[in-house]
Amino acid sequence: MSALESIFAPSCTNQPRVTFPRWNLVRLVLQWMAVARSRRELASLTDDQLKDIGLKRSEVLVEIEKPFWQGPNFR
């Protein structure tokens, strides 16, 4: 039996099954990492670059102060 089969195969023991799939947790952590990376990149942009994409420094400051687990608020 492969590792994946052992994760998804029905259990033959009386042990409780994990109800929260591990892949959801992996996806969540990857999403948090992407949000944190995007905010770091946004913080590094110059005022001219922000103007080019239609953002103000004040909007960026609000966004980069948020914790990584809070998703971005798009207009």
Side-chain angles (χ1 to χ4, degrees):
M1 182 180 293
S2 74
L4 285 178
E5 289 173 336
S6 65
I7 292 171
F8 296 110
S11 176
C12 296
T13 65
N14 291 331
Q15 296 177 347
R17 301 241 330 137
V18 176
T19 57
F20 186 74
R22 294 176 189 155
W23 292 114
N24 286 343
L25 181 59
V26 170
R27 268 190 230 116
L28 181 62
V29 171
L30 290 173
Q31 182 180 8
W32 285 346
M33 290 171 61
V35 167
R37 182 178 52 248
S38 295
R39 289 186 177 146
R40 281 192 306 271
E41 291 172 359
L42 186 61
S44 71
L45 295 177
T46 66
D47 288 335
D48 288 335
Q49 290 170 323
L50 291 174
K51 184 179 176 183
D52 286 344
I53 61 174
L55 293 175
K56 298 175 186 170
R57 179 64 59 187
S58 60
E59 294 171 321
V60 170
L61 293 174
V62 168
E63 186 63 33
I64 64 174
E65 290 298 319
K66 293 179 185 177
F68 65 88
W69 60 84
Q70 275 189 330
N73 291 331
F74 296 110
R75 294 191 241 169

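These values consider heavy atoms only, across backbone and side chains, with no hydrogens, waters or symmetry-generated copies.
Hydrophobic cluster membership differs between Leu55 and Val62, with clusters built from Ile, Leu, Val, Met, Phe, Trp and Tyr side chains linked at under 4.5 angstrom.
Among pairs with a residue in residues 41-62, none fulfils ring-ring contact (aromatic ring centres under 6.0 Å, His included), at least two apart in sequence or across chains. For residues 30-56, the ring-ring contact (aromatic ring centres under 6.0 Å, His included) pairs, not counting sequence neighbours, are Trp32-Phe68. Legend: ring-ring contact (aromatic ring centres under 6.0 Å, His included) pairs involving residues 33-61, not counting sequence neighbours: none detected. Sequence neighbours left out, not one pair with a member in residues 40-64 passes ring-ring contact (aromatic ring centres under 6.0 Å, His included).
Under the side-chain hydrogen bond (donor to acceptor under 3.5 Å, both in side chains) criterion, Gln31 pairs with no residue, sequence neighbours left out. The side-chain hydrogen bond (donor to acceptor under 3.5 Å, both in side chains) check on Arg37 picks up nothing, with sequence neighbours excluded.
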Could you tabulate the donor-acceptor pairs under 3.5 Å formed by side-chain atoms of residues 42-49, not counting sequence neighbours?
unit_1, atom_1, unit_2, atom_2, d
Ser44, OG, Glu41, O, 2.7
Thr46, OG1, Gln49, N, 3.2
Thr46, OG1, Gln49, OE1, 3.4
Asp47, OD1, Arg57, NE, 3.0
Asp47, OD1, Arg57, NH2, 3.1
Gln49, OE1, Thr46, N, 2.8

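Shown here for Arg39 and Lys66, the closest heavy-atom pair between the two residues is NH1-O, 3.5 Å.
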